[in-house]
Number of protein chains: 2
Amino acid sequence: MFTIGKASEQSGVNVETIRYYEREGIVPKPGRSAGGRRLYSNDEIAKLRFVRRCRDLGFPIAIIQTFLSLTDQNDRSCGEVKTMAENHLDEINAKIENLMRLREALLSLSKNCDDGTAACPMLDALMKDGFGLGAP
Amino acid sequence: MFTIGKASEQSGVNVETIRYYEREGIVPKPGRSAGGRRLYSNDEIAKLRFVRRCRDLGFPIAIIQTFLSLTDQNDRSCGEVKTMAENHLDEINAKIENLMRLREALLSLSKNCDDGTAACPMLDALMKDGFGLGAP
DNA sequence: CTTGCTCCTGTAGTGGCTACAGGAAGTAGA
DNA sequence: TCTACTTCCTGTAGCCACTACAGGAGCAAG
């Protein structure tokens, strides 16, 4: 059994974040030592690591909770998981496209921007009436 | 002069958001009618529009405030603007790269995921010890 | 005058943490 | 055993950029 500091090291989840996950019911409450300190088993640490990896993949907490309940039930809901992963992929793709459009807009705006100009053409363009951004 | 609803329509900034911007000192307080309602001039609406466009480009509020103070001073700090825009571009590029790495990771994880499987290989992989994500 | 719309203020909630403050428990060395 | 140091505890508040109420007031059309 490990104290929260060790659990944090092993899972890669910040100590404060672990306590936050517990408060929010995202991971189950661990046991406590005689002195009132949290004690984590390997399984509980694995769960924390799982949450961190899902977060790293950009999954929101709500989805991760579904994942956790599926693994708890040893459910055969691989299809369900796949659907959620695919939806998430769609969101990631949408974000990438958005950012790329944004990059183009910003590039073309800042292109005319040169040191020493009296009025910044970028700020000018953004202030003007007839200006429209691609599809933000 | 326009009430907040019209100002919202013309600037594309949500009514609640306009009030929020005012509270936070991001845009100056407008005048008021006899009955206490906010009244916006065309210039003030242009400022709101400017903020929205900058937000659409992903600039954080703090940067936009700098932009606004530069346009207020009619400053010739185009170089400054360009630097900030370039920093922002770097951030956008970093985000895009991150998302693309993430997409690859998610794709390779969910690839083995097929309907009807007893234990989902994706969740399995995320739960296991030896697994490492690219560079999240 | 009534209906219905817009507007007002103030407060609280969102997501996913992060950062304290003020104290208790545990550990290592003298 | 005493002391110094570290880790842990709870509880609360802050971050960003909004968004969503509640409960009331102003205003225009019919």
Side-chain angles (χ1 to χ4, degrees), chain A residues 1-27 29-40 44-45 47-68 88 91-92 95 98 102 136, chain B residues 1-27 29-40 44-45 47-68 88 91-92 95 98 102 136:
Chain A
M1 300 295 257
F2 306 89
T3 57
I4 199 168
K6 307 288 168 195
S8 168
E9 263 176 51
Q10 288 191 45
S11 64
V13 182
N14 190 307
V15 168
E16 309 265 25
T17 308
I18 294 176
R19 288 197 277 250
Y20 164 74
Y21 285 166
E22 182 186 329
R23 268 201 309 283
E24 298 298 304
I26 294 152
V27 296
K29 286 177 196 279
R32 297 278 180 140
S33 73
R37 308 197 153 188
R38 289 170 180 81
L39 292 176
Y40 294 87
E44 286 166 324
I45 290 171
K47 213 164 241 184
L48 286 168
R49 210 186 301 114
F50 175 83
V51 174
R52 184 185 59 76
R53 284 169 181 168
C54 290
R55 290 292 301 131
D56 285 347
L57 287 169
F59 283 107
I61 293 289
I63 297 289
I64 299 173
Q65 282 180 296
T66 314
F67 286 168
L68 279 172
H88 187 49
E91 280 167 34
I92 290 172
K95 271 188 196 168
N98 235 313
L102 218 133
Chain B
M1 300 295 257
F2 306 89
T3 57
I4 199 167
K6 305 290 168 194
S8 168
E9 262 175 51
Q10 288 192 44
S11 64
V13 182
N14 191 307
V15 168
E16 310 264 25
T17 307
I18 294 176
R19 287 197 278 250
Y20 163 74
Y21 285 166
E22 182 187 329
R23 266 200 311 281
E24 299 296 305
I26 295 152
V27 296
K29 286 178 196 280
R32 297 278 181 141
S33 74
R37 309 197 155 189
R38 291 169 179 82
L39 292 176
Y40 294 87
E44 287 167 322
I45 289 172
K47 213 163 240 184
L48 286 168
R49 212 187 299 114
F50 175 83
V51 174
R52 184 184 59 76
R53 284 171 182 165
C54 290
R55 290 292 301 129
D56 285 348
L57 287 169
F59 282 106
I61 293 289
I63 297 289
I64 299 173
Q65 281 179 299
T66 314
F67 286 168
L68 280 172
H88 187 48
E91 279 167 34
I92 289 171
K95 270 189 196 167
N98 235 315
L102 217 133

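Here is the naming used below: chain letters follow the sequence lines, and residue numbers restart at 1 for every chain.
Remark: A/Glu16 pairs with A/Asn14, A/Arg19 by the side chain to side chain contact (heavy atoms under 4.5 Å, CB included) rule, at least two apart or across chains. Take B/Tyr40 and apply the ring pair (Phe, Tyr, Trp, His ring centres under 6.0 Å) test, not counting sequence neighbours, and it matches no residue. Annotation: salt bridge (charged side-chain N to carboxylate O under 4.0 Å, His left out) contacts of B/Lys95 (sequence neighbours excluded): none. Applying the side chain to side chain contact (heavy atoms under 4.5 Å, CB included) test to A/Val27 and every residue at least two apart in sequence or in another chain returns A/Tyr21, A/Leu48, A/Val51. Under the ring pair (Phe, Tyr, Trp, His ring centres under 6.0 Å) criterion, B/Phe59 pairs with B/Phe67, B/His88, sequence neighbours left out. Shown here are the salt bridge (charged side-chain N to carboxylate O under 4.0 Å, His left out) partners of A/Arg38, two or more places apart in sequence or in another chain: A/Glu22. Partners of A/Glu44 according to the side-chain hydrogen bond (donor to acceptor under 3.5 Å, both in side chains) rule, which considers only residues two or more places apart in sequence or in another chain, are A/Ser41.
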List, with names and distances, any nitrogen or oxygen atoms from the protein found under 3.5 Å away from nitrogen or oxygen atoms belonging to nucleotides 12-15 of chain C.
none

Check: protein-nucleotides 24-30 of chain D nitrogen or oxygen pairs below 3.5 Å:
| residue | atom | partner | partner atom | Å |
| --- | --- | --- | --- | --- |
| D/dG26 | N3 | B/Arg37 | NH2 | 3.2 |

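At the phosphate of D/dC8, OP1 or OP2 sits under 4.0 Å from a side-chain N or O atom of A/Thr3. Within the structure, a side-chain polar atom (N or O) of B/Arg19 is placed less than 4.0 Å from OP1 or OP2 of C/dC8.
Between the CG atom of A/Leu48 and the C1' atom of C/dC17 there is a distance of 15 Å, rounded to whole Å. One can place CZ of B/Phe2 at 17 Å from C1' of C/dC7, the figure rounded to the nearest angstrom. The CZ atom of B/Arg52 sits 16 Å away from the C1' atom of D/dC18 (whole-angstrom rounding). A/Phe59 places its CZ atom 13 Å from the P atom of C/dG16, with the value rounded to the nearest Å. The nearest whole Å value for the distance from the CD1 atom in B/Ile64 to the C1' atom in D/dC16 is 12 Å. Rounded to a whole Å, the CD1 atom of A/Ile4 is 13 Å from the P atom of D/dT7.
Within residues 5-17 of chain A, the residues approaching DNA chain D are A/Gly5, by heavy-atom distance under 4.0 Å.
Contact check for B/Arg55 versus B/Ile61: side-chain heavy atoms found under the 4.5 Å cut-off. Between A/Ile63 and A/Cys54 there is no side-chain heavy-atom pair separated by less than 4.5 Å.
Between the side chain of B/Arg52 and the main chain of B/Ser11, a donor-acceptor pair closer than 3.5 Å is present.
How far CE of B/Met1 is from CZ of B/Arg37: 15.0 Å, rounded to the nearest 0.5 Å.
In this structure, A/Arg38 reaches the sugar-phosphate backbone alone: every heavy-atom distance under 4.0 Å involves primed, P, OP1 or OP2 atoms, never a base. When heavy atoms are screened at a 4.0 angstrom cut-off, A/Tyr21 is found touching the sugar-phosphate backbone but no base atom.
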